[in-house]
Asks: 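Here it is, the structure in full.
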Amino acid sequence: MSVAHILGFPRIGAHRELKFAMESFWKGETDEAALRDTGKALRARHWQAQAKAGLDFVVAGDFAWYDQVLGTLALLGAIPSRYGFDPKALTLSDYYGLARGNKSHFAMEMTKWFDTNYHYLVPEWTPELSFDGGVDWLFDEVAQAQALGHKVKVSLVGPLTLLYLGKIKSGLHHKLDLLPKVIAGYQKVLQRLKADGVQWVQIDEPILALELDQAWIDAFTPTYTMLADHAPKLLLATYFDTVSDYASLLRALPVAGVHIDVVRGHAQLATFVNNWPQDKVLSVGIIDGRNIWCADLDAALATVKPIKAKLGERLWIGTSCSLLHVPIDLANEGKLDTELKSWLAFVVQKLSEVVAVAKAVDGKVDEVAAQFEAARVAHEKRRTSTRIHNAAVQKRLSETTAADEKRASQFNARIVKQQNKLNLPAFPTTTIGSFPQTPAIRQVRAAHKRGELGYLDYLEKMRDEIRLVVQKQEALGLDVLVHGEPERNDMVEYFGEQLWGYAFTANGWVQSYGSRCVKPPFIYGDVYRPEAMTVGWSQFAQTLTEKPMKGMLTGPVTMLQWSFVRDDQPRSTTALQIALALRDEVVDLEKAGIGIIQIDEPAFREGLPLKARDWKAYLDWAVRVFKISAGGVEDQTQIHTHMCYSEFNDILPWIAAMDADVITIETSRSDMELLDGFGEFKYPNDIGPGVYDIHSPRIPAVEEMVKLMQKARGVIADQRLWINPDCGLKTRNWEETYSALENMVKAAKQLRVTSPA
């Protein structure tokens with residue numbers, strides 16, 4: 001029979017239980033035992049859902065107290081030495097010190113997990129690092145699952161992916177110099193799992209979706225040869241793109257099976273099915289782990305039937321990747337439009353889809369006939385729905401030309417006009433947009449949403465908060481102010497709620513990093529802006545100050561990337577629709593007297609295809625839609641953008657082509673390392689490198705910020721530099737925020753002494 005399995009289950013809980021438990025622990029309101037109890041209860045619940053659906057395994061090892069990469073480091077004992085923690089006695093307080101920083105040390109660097117909006121903690125590689133074993137958390141999870149009577153498949157980040165994703169901090173010529181130590185560490189883990197009765201270990205190597213250097217390709221065979229003798233059966237999992245370039249390698253590896261993603265790489269199936277080894281399982285990821293549309297079960301069955309005929313019981317049916325990236329249960333959506341709801345599948349529903357395909361391919365069609373028929377009806381209704389297309393949007397698309405992408409003048413001419421208008425000092429200070437979202441703010445928004453607070457009362461309470469934020473920024477002495485965004489629940493959701501073609505869930509939470517959860521909207525139809533979305537808030541804020549007030553928007557690529565996107569037209573077309581809606585908002589902000597408008601694109605690099613050969617097509621349309629969103633204003637209006645937690649150096653020509661007057665970027669966790677590429681490239685426009693990490697509670701000293709900016713001055717001309725935090729401040733409290741910004745303004749004043757121009 002065909003095995004039905006998944007690659008991983010979300011850890012946060014359907015109602016974000018893990019988030020709230022972590023945050024309570026961080027505040028000192030609960031102890032470690034209470035946090036562990038929450039984790040134990042969530043794992044049991046998630047395993048029960050998998051068993052109830054009929055999967056052949058439950059997954060252990062997909063749970064993490066913050067991040068699976070950091071969890072792997074803790075398992076191996078590969079903890080950065082700068083923290084001074086004992087890897088074998090690591091507490092959860094120590095673990096969170098690594099993730100969030102503490103009074104003595106910066107947090108570990110954080111960046112995007114491949115092309116997703118999930119962030120992982122970046123390993124730090126040094127020659128003295130030990131891989132001699134760390135915490136027993138994974139083994140405790142396995143024991144818990146076994147005690148509950150479940151058949152367990154363990155999920156691990158693979159050794160080569162772990163090495164590849166880290167950064168050399170000192171003393172190594174190449175990351176692979178550490179490979180012998182890493183292999184020894186994994187051998188111990190696998191030996192213990194085997195001794196504990198685990199039969200299958202899913203070992204994830206998503207770097208195979210990249211275009212790897214030969215040294216990395218050559219490392220796979222010896223690595224897995226050394227692991228195989230010490231391990232349970234290994235299922236090497238690949239995902240996020242085709243791995244057909246490495247088909248010969250994967251056929252020959254000494255593993256018991258290989259998983260491929262046929263949602264993102266359908267064309268690779270023929271490459272793998274033909275001449276697949278008799279002693280290996282082929283796991284086919286046929287159910288989408290990255291989007292929320294219900295599966296076309298007939299199409300899935302048609303895909304796997306010929307494979308079943310060739311492979312028999314060596315065929316496994318699974319999700320394309322871990323289900324970490326989608327919400328947990330559609331049953332929690334009591335208020336969602338009935339028609340839209342019928343088009344969707346969350347994690348629990350996807351478990352059922354995996355099992356349905358596995359049963360159908362095994363000939364048990366009668367058992368799942370009703371489910372297949374429901375899927376057929378949903379797909380037909382979605383295909384023919386009158387809600388999908390908007391004639392006005394289609395007309396606007398047909399009328400869009402290259403002229404819509406262009407500002408009237410080049411940057412060198414624009415910046416002179418902007419400076420004459422704004423009269424900013426050297427090293428102008430600003431923030432990225434949001435200020436602390438206190439419980440009181442959230443309660444007001446929630447009461448208004450429930451209909452318990454009338455609009456006029458809601459408006460006045462939001463205005464009170466804007467008054468407070470502007471007052472505090474004035475007192476701090478910031479040069480360019482923001483209104484603080486108290487009315488915004490999320491930087492994508494807020495805009496999507498006001499655009500046609502978007503829809504929203506009540507509990508569709510997905511983990512972005514740590515305790516940060518987002519509720520991505522889904523785009524089901526043509527996107528259209530019926531009225532202004534932000535103008536009133538920004539216009540009111542500008543009346544409170546003589547200083548420039550930034551209008552704050554989320555850019556078209558980020559609006560696309562951080563939504564679940566319709567799959568019936570190219571993503572570039574949907575992005576253009578969003579760009580045109582935002583263009584109207586930008587023009588209206590300018591008309592309302594807002595002279596600086598920030599169009600955030602933190603997800604710009606996230607959308608980059610994993611293979612360099614596919615980059616140009618994406619980058620060309622991504623740059624185009626940004627320029628269209630910004631292209632309708634006069635030279636005197638200054639366009640900002642913001643990007644964070646990504647590597648930019650290899651796409652700098654396209655970032656420059658976006659032609660934002662000012663770009664702000666996250667650089668503090670990398671000690672300004674990210675800025676080197678901008679200097680070498682001679683980035684032509686203004687840039688604000690983040691001088692402190694807003695994801696950490698620590699307050700950086702003035703001297704730290706000055707030191708970072710002195711590094712920046714080494715690669716960027718003074719007249720092009722701004723000073724700002726790494727990202728928005730919504731997750732911080734006011735005490736932290738005020739103290740850090742106070743130091744930031746002092747740092748700017750010190751720098752101006754040495755650069756009076």
Asks: To the nearest 0.5 Å, how far apart are CG in D204 and CG in L235?
Replies: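 Between D204 CG and L235 CG, I get 8.5 Å after rounding to 0.5 Å.
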Asks: Can you name the nearest heavy-atom pair linking R732 to E736, along with the distance?
Replies: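 The answer is NE-OE1, 2.7 Å.
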Asks: Taking the side chain as everything from C-beta on, heavy atoms only, tell me whether T38 gets closer than 4.5 Å to T30.
Replies: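 When only atoms from C-beta onward are counted, T30 and T38 do not touch, as no gap falls below 4.5 Å.
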Asks: Go through D136 and R192 one step at a time and tell me if the salt bridge (Lys or Arg N to Asp or Glu O under 4.0 Å) criterion holds.
Replies: CA-CA 11 Å; D136 286 341; R192 183 164 172 185; 3.0 Å; yes
Asks: Could you tell me whether a side-chain N or O of D177 sits under 3.5 Å from a main-chain N or O of L172, the two making a donor and an acceptor?
Replies: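 Checking the backbone N and O of L172 against the side chain of D177, no donor-acceptor pair under 3.5 Å is found.
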Asks: Can you tell me how the ring of F678 sits relative to the ring of Y683, calling it parallel under 30°, perpendicular over 60° and tilted otherwise?
Replies: perpendicular
Asks: Could you check whether E23 pairs with K19 (Lys NZ or Arg NE/NH1/NH2 to Asp/Glu carboxylate O, under 4.0 Å)?
Replies: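 Answer for the salt bridge query: yes.
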Asks: List the steps and the verdict of side-chain contact (heavy atoms from CB on, under 4.5 Å) for F63 and L138.
Replies: CA-CA 9 Å; F63 183 85; L138 171 64; over 6 Å; no
Asks: Keeping the roles fixed (side chain from Q202, backbone from L7), state whether a donor-acceptor pair exists under 3.5 Å.
Replies: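 Looks like yes, one N/O pair under 3.5 Å.
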Asks: Check L176 against A215 and note the closest heavy-atom contact, atom names and distance.
Replies: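 In this case the closest contact between L176 and A215 is CD1-O, 3.6 Å.
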Asks: Using 30° and 60° as the class limits, which term best fits the ring planes of H325 and Y118: parallel, tilted or perpendicular?
Replies: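 Judged by the thresholds at 30° and 60°, the geometry between H325 and Y118 is perpendicular.
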Asks: Testing the 3.5 Å rule here: is there a donor-acceptor pair between the side chains of E205 and Y246?
Replies: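 E205 vs Y246: no donor-acceptor pair found between side chains.
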Asks: Any heavy-atom pair between the side chains of Y186 and T72 that's under 4.5 Å?
Replies: yes
Asks: Check the surroundings of atom NZ in K519: do more than 12 heavy atoms from other residues, nucleotides or ligands lie under 6.0 Å from it?
Replies: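 It does: K519 NZ has more than 12 such atoms within range.
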Asks: Working to the nearest 0.5 Å, report the span between OG1 of T558 and CD of E606.
Replies: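 With rounding to 0.5 Å, OG1 (T558) is 7.5 Å from CD (E606).
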Asks: Rounded to the nearest 0.5 Å, what separation is found between the CD1 atom of I723 and the OG1 atom of T430?
Replies: 11.5 Å
Asks: Do L163 and W125 make a side-chain contact, defined as non-hydrogen atoms from C-beta onward lying under 4.5 Å apart?
Replies: yes
Asks: Taking side chain as C-beta onward, heavy atoms only, is P80 less than 4.5 Å from K169?
Replies: no
Asks: If the threshold is 4.0 Å, N to carboxylate O, is there a salt bridge linking R264 and D115?
Replies: yes
Asks: Main chain of G514, side chain of Q511: is a donor-acceptor contact present, judged purely on distance under 3.5 Å?
Replies: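 Checking the backbone N and O of G514 against the side chain of Q511, a donor-acceptor pair under 3.5 Å is found.
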Asks: Using only atom types and a distance under 3.5 Å, with no angle test, would you say the side chain of T116 pairs donor to acceptor with the backbone of K112?
Replies: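 Checking the backbone N and O of K112 against the side chain of T116, no donor-acceptor pair under 3.5 Å is found.
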Asks: Flag yes if more than 12 heavy atoms outside K181 fall under 6.0 Å of its NZ atom; otherwise flag no.
Replies: yes
Asks: Please walk me through it: do I6 and F57 pass side-chain contact (heavy atoms from CB on, under 4.5 Å)?
Replies: CA-CA 8 Å; I6 62 170; F57 299 103; over 6 Å; no
Asks: Quick one: do D718 and R713 make a salt bridge, cutoff under 4.0 Å?
Replies: yes
Asks: Go through it in stages, so that I can follow the logic: the residues are D650 and R605, the test is salt bridge (Lys or Arg N to Asp or Glu O under 4.0 Å), and I'd like the CA-CA distance, side-chain angles, deciding distance and then a yes or no.
Replies: CA-CA 10 Å; D650 47 7; R605 197 190 194 287; 2.6 Å; yes
Asks: Tell me, with the steps shown, if W65 and Y96 meet ring pair (Phe, Tyr, Trp, His ring centres under 6.0 Å).
Replies: CA-CA 9 Å; W65 294 109; Y96 290 127; 7.6 Å; no
Asks: Testing W26, W137, F25 for ring pair (Phe, Tyr, Trp, His ring centres under 6.0 Å) with Y95, which one passes?
Replies: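 Only one option passes, and that is W137.
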Asks: Verify, without hydrogens or angle tests, whether H259 (side chain) and I203 (backbone) share a donor-acceptor contact under 3.5 angstrom.
Replies: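 Side chain of H259 to backbone of I203: no pair is present.
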Asks: Within the side chain of S320, is there an N or O that forms a donor-acceptor pair under 3.5 Å with the backbone of Y239?
Replies: no
Asks: Could you report the tightest heavy-atom contact between A603 and W562, atom names first, then the distance?
Replies: CB-NE1, 3.4 Å
Asks: For L90 versus A74, what's the shortest heavy-atom pair and its separation?
Replies: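 For L90 versus A74, the nearest heavy atoms are CD2-CB, 3.9 Å.
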Asks: Around atom CD of E32, are there more than 12 heavy atoms of other residues, nucleotides or ligands at under 6.0 Å?
Replies: yes
Asks: Tell me, with the steps shown, if Y164 and W216 meet ring pair (Phe, Tyr, Trp, His ring centres under 6.0 Å).
Replies: CA-CA 9 Å; Y164 189 93; W216 289 97; 5.0 Å; yes
Asks: Is there a side-chain contact between W113 and L324 in this structure, where contact means two heavy atoms from C-beta onward sitting under 4.5 Å apart?
Replies: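 Of all side-chain heavy-atom pairs linking L324 with W113, none is under 4.5 Å.
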Asks: Under 3.5 Å, side chain of T91 to main-chain N/O of D94, donor-acceptor pair present?
Replies: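 Yes, T91 side chain to D94 backbone: donor-acceptor pair under 3.5 Å.
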Asks: If I compare all heavy atoms of V510 with all of P520, which pair ends up nearest, and what's the gap?
Replies: CG2-CD, 4.1 Å
Asks: Has the side chain of Q187 got a donor or acceptor atom that lies under 3.5 Å from a matching backbone atom of M226?
Replies: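 Checking the backbone N and O of M226 against the side chain of Q187, a donor-acceptor pair under 3.5 Å is found.
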Asks: Counting C-beta onward and ignoring hydrogens, is there a side-chain heavy-atom pair between R43 and F9 closer than 4.5 Å?
Replies: no
Asks: Rounded to the nearest 0.5 Å, how far does CZ of R516 lie from CZ of R16?
Replies: 10.0 Å
Asks: Just verifying a value: how many Å separate I432 CD1 and T664 OG1, rounded to the nearest 0.5 Å?
Replies: 3.5 Å
Asks: Taking all non-hydrogen atoms of both residues into account, name the closest pair between A740 and P700 and its distance.
Replies: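 The answer is CB-CD, 4.2 Å.
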Asks: Check V69, D67, L73 against M108 for a side-chain contact (heavy atoms from CB on, under 4.5 Å) and give me the one that passes.
Replies: L73
Asks: Other residues, nucleotides and ligands only: do more than 12 of their heavy atoms fall within 6.0 Å of NZ on K40?
Replies: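 It does not: K40 NZ has 12 such atoms or fewer within range.
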Asks: Under 3.5 Å, is there a donor-acceptor pair between the side chain of K88 and the main chain of D132?
Replies: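 Pair found, side chain donor or acceptor close to backbone of D132.
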Asks: Can R698 and F106 be said to form a side-chain contact (heavy atoms from CB on, under 4.5 Å), step by step?
Replies: CA-CA 8 Å; R698 72 184 298 275; F106 292 106; 3.0 Å; yes
Asks: T431 pairs by side-chain contact (heavy atoms from CB on, under 4.5 Å) with which of N724, L741, I694?
Replies: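 In the set N724, L741, I694, the residue that makes a side-chain contact (heavy atoms from CB on, under 4.5 Å) with T431 is L741.
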Asks: Go through W200 and V154 one step at a time and tell me if the side-chain contact (heavy atoms from CB on, under 4.5 Å) criterion holds.
Replies: CA-CA 7 Å; W200 280 91; V154 169; over 6 Å; no
Asks: Nearest 0.5 Å please: distance from the CE atom of M705 over to the NZ atom of K746.
Replies: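 Reported value, rounded in 0.5 Å steps: 10.0 Å.
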Asks: Heavy atoms, side chains only, cut-off 4.5 Å: are V347 and P10 in contact?
Replies: yes
Asks: Hey, what's the ring geometry for F85 with Y83, parallel, tilted or perpendicular (30° and 60° as the breaks)?
Replies: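 Geometry flag for Y83 against F85: parallel rings.
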Asks: Do the side chains of D241 and R290 get close enough for a salt bridge, i.e. N-O under 4.0 angstrom?
Replies: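 No, D241 and R290 are not salt-bridged.
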Asks: Checking the side chain of W509 only, and the main-chain atoms of A14 only, is there a donor and an acceptor separated by less than 3.5 Å?
Replies: no
Asks: So do the side chains of D140 and Q144 get within less than 4.5 Å of each other, counting heavy atoms only?
Replies: no
